[in-house]
Trainee: 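Sending over a structure as structure tokens; questions will come in a sec.
Side chains are part of it too, since the values below use all heavy atoms of this structure and drop only hydrogens, waters and symmetry mates. Quick caveat: nothing in here was measured; it's all calculated off a predicted structure.
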Amino acid sequence: MLNIEEIKKIIPHRHPFLLIDYIEDYEPGKYAVGYKCVTYREDFFAGHFPGMPVMPGVLTIEALAQVGAVAILSMEENKGKTAFFGGINKCRFKGKVVPGDKLKLETEIIQQKGPVGIGKAVASVDGKIVAKAELTFMVG
């Protein structure tokens, strides 16, 4: 398990763009499982949408990418590097994320060749999938 300070030692993201609260489990280069505890105080809720707060889908995908980055950047050869987005494929949104939700973020690295790889990512709330995608990354 990794707390917020340990996560910040692996990935370069910081408030307000660090979208992971903790990592429950991970294996460097293989997978990571993290959580985002969504609160009404999130900056994006001020405008998305007033009176009906919904976490933007692109931020759910970003949170999945950050969890994947923990898996990739915790590898010894990648320490101190940054993982950049290379693409988003097969993306589907299947539900809303709202204040009070505990967003589970799971990213499994399914392919890697050199600095480029693909992660299979699934976000869920209470066991119900809210988003899934294949995320392409490049370590630089």
Side-chain angles (χ1 to χ4, degrees):
M1 187 161 169
L2 300 173
N3 65 33
I4 197 76
E5 294 305 318
E6 293 166 318
I7 292 167
K8 287 168 34 176
K9 290 177 184 173
I10 298 171
I11 64 174
H13 304 78
R14 298 294 181 264
H15 178 79
F17 209 67
L18 179 57
L19 300 174
I20 312 167
D21 291 324
Y22 66 96
I23 296 291
E24 177 182 72
D25 190 20
Y26 76 107
E27 184 177 337
K30 301 288 185 189
Y31 72 92
V33 179
Y35 288 87
K36 165 91 177 133
C37 298
V38 182
T39 71
Y40 189 75
R41 297 179 61 98
E42 308 287 348
D43 293 336
F44 48 79
F45 285 137
H48 197 269
F49 299 100
M52 188 178 61
V54 177
M55 183 172 177
V58 295
L59 293 183
T60 300
I61 299 301
E62 173 62 30
L64 286 164
Q66 289 180 19
V67 168
V70 169
I72 290 300
L73 298 178
S74 61
M75 296 171 64
E76 193 60 41
E77 62 268 28
N78 292 333
K79 289 189 179 188
K81 296 182 180 178
T82 301
F84 297 96
F85 254 129
I88 303 169
N89 294 308
K90 300 180 184 175
C91 184
R92 296 289 178 263
F93 297 103
K94 299 181 169 282
K96 294 186 294 186
V97 179
V98 298
D101 284 346
K102 185 175 181 180
L103 185 60
K104 184 175 185 179
L105 305 155
E106 303 173 88
T107 303
E108 175 189 5
I109 308 307
I110 59 173
Q111 184 178 351
Q112 188 172 6
K113 185 174 182 180
V116 178
I118 297 172
K120 179 181 175 187
V122 178
S124 60
V125 174
D126 295 328
K128 180 181 180 280
I129 294 174
V130 294
K132 61 183 182 175
E134 284 187 0
L135 309 176
T136 303
F137 62 86
M138 176 178 269
V139 177

Trainee: Would you find a donor on one side and an acceptor on the other, under 3.5 Å apart, between the side chain of D101 and the backbone of V125?
Mentor: no
Trainee: Can you tell me if CD on E6 sees more than 12 non-hydrogen neighbours from other groups inside 6.0 Å?
Mentor: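 Counting neighbours around CD of E6, more than 12 heavy atoms of other residues, nucleotides or ligands fall under 6.0 Å, so yes.
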Trainee: If you take all heavy atoms of A83 and L73, which pair is closest and at what distance?
Mentor: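 Scanning both residues, the minimum pair turns out to be N-CD1, 3.8 Å.
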Trainee: Give, for atom CD1 of I129 and atom CD of E106, the distance between the pair rounded to the nearest 0.5 Å.
Mentor: 8.5 Å
Trainee: Under the salt bridge (charged side-chain N to carboxylate O under 4.0 Å, His left out) criterion, do E5 and K8 qualify, and how do the steps go?
Mentor: CA-CA 5 Å; E5 294 305 318; K8 287 168 34 176; 3.5 Å; yes
Trainee: Could you please spell out the steps behind the side-chain contact (heavy atoms from CB on, under 4.5 Å) verdict for V67 and L64?
Mentor: CA-CA 5 Å; V67 168; L64 286 164; 5.8 Å; no
Trainee: Do you reckon I110 sits in the same ILVMFWY cluster as I88, going by side-chain contacts under 4.5 Å, direct or chained?
Mentor: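 They do not share one cluster, since no chain of ILVMFWY contacts under 4.5 Å joins I110 to I88.
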Trainee: Measuring from I10:CD1 to L2:CG, what's the distance to the nearest 0.5 Å?
Mentor: 5.0 Å
Trainee: Do V139 and E77 come within less than 4.5 Å of each other through their side chains, counting heavy atoms only?
Mentor: no
Trainee: So, for F93 and V58, which heavy atoms are closest and what is the spacing to 0.1 Å?
Mentor: CZ-N, 4.4 Å
Trainee: Calculate, to the nearest 0.5 Å, the distance between atoms NZ and CG belonging to K120 and N89 respectively.
Mentor: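 Here the rounded value is 14.5 Å.
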Trainee: Quick one: OG1 on T60 to CE on M55, what's the gap to the nearest 0.5 Å?
Mentor: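 One gets 4.0 Å once the value is rounded to the nearest 0.5 Å.
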Trainee: Tell me the closest heavy-atom pair linking I109 and G68, and the distance in Å.
Mentor: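 Closest approach of I109 to G68, heavy atoms only: CD1-O, 4.3 Å.
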Trainee: Is the count of non-hydrogen atoms from other residues, nucleotides or ligands lying under 6.0 Å from R14 atom CZ greater than 12?
Mentor: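 Counting other residues, nucleotides and ligands, CZ of R14 exceeds 12 neighbours.
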Trainee: So which atom in L103 and which in A123 form the shortest heavy-atom distance, rounded to 0.1 Å?
Mentor: CD1-CB, 4.0 Å
Trainee: Whether the side chain of Q66 engages the backbone of F17 through a donor-acceptor N/O pair (distance < 3.5 Å, no angle test) should be reported.
Mentor: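 Confirmed, Q66 side chain pairs with F17 backbone.
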Trainee: Counting N and O atoms only, with roles assigned by atom type, does the side chain of K104 sit under 3.5 Å from a partner on the main chain of V122, one being a donor and the other an acceptor?
Mentor: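 Here the side-chain-to-backbone pair does not exist.
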Trainee: Looking only at non-hydrogen atoms, find the nearest pair between V38 and V98 and report the distance.
Mentor: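 Closest approach of V38 to V98: CG1-O, 3.7 Å.
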Trainee: Can you name the closest pair of heavy atoms from G119 and F137 and give their distance?
Mentor: N-CE2, 4.3 Å
Trainee: Cluster question for you: counting only ILVMFWY and a side-chain heavy-atom cut-off of under 4.5 Å, with indirect links fine, are L18 and Y26 together?
Mentor: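 Yes; tracing contacts between hydrophobic side chains, which count when under 4.5 Å, links both residues.
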Trainee: Can you confirm whether more than 12 heavy atoms, excluding those of M52, are under 6.0 Å from its CE atom?
Mentor: no
Trainee: With hydrophobic residues grouped by side-chain heavy-atom distances under 4.5 Å, do I61 and I23 end up in a single group?
Mentor: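 They do share one cluster, since a chain of ILVMFWY contacts under 4.5 Å joins I61 to I23.
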Trainee: Taking I4 as the starting point, is it possible to reach Y22 by hopping between hydrophobic residues whose side chains are less than 4.5 Å apart?
Mentor: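 Different hydrophobic clusters.
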Trainee: Hydrophobic cluster membership, with links at side-chain heavy-atom distances under 4.5 Å among I/L/V/M/F/W/Y: are V33 and I118 in one?
Mentor: no
Trainee: When rounded to the nearest 0.5 angstrom, what distance separates NE2 in H48 from CG in D43?
Mentor: 14.0 Å
Trainee: Would you say that I11 contacts I20 through its side chain, given a criterion of any heavy-atom pair below 4.5 Å between the two side chains?
Mentor: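 Result yes, sub-4.5 Å side-chain heavy-atom pair found.
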Trainee: Kindly compute the distance separating NZ (K30) from CG (D25), expressed to the nearest 0.5 Å.
Mentor: 14.0 Å
Trainee: Are more than 12 heavy atoms, taken from residues, nucleotides or ligands other than N3, located less than 6.0 Å from that residue's CG atom?
Mentor: yes
Trainee: For a side-chain contact (heavy atoms from CB on, under 4.5 Å) check, start with the C-alpha distance between V97 and K36, then their side-chain angles and the critical distance, and finish with the verdict.
Mentor: CA-CA 11 Å; V97 179; K36 165 91 177 133; over 6 Å; no
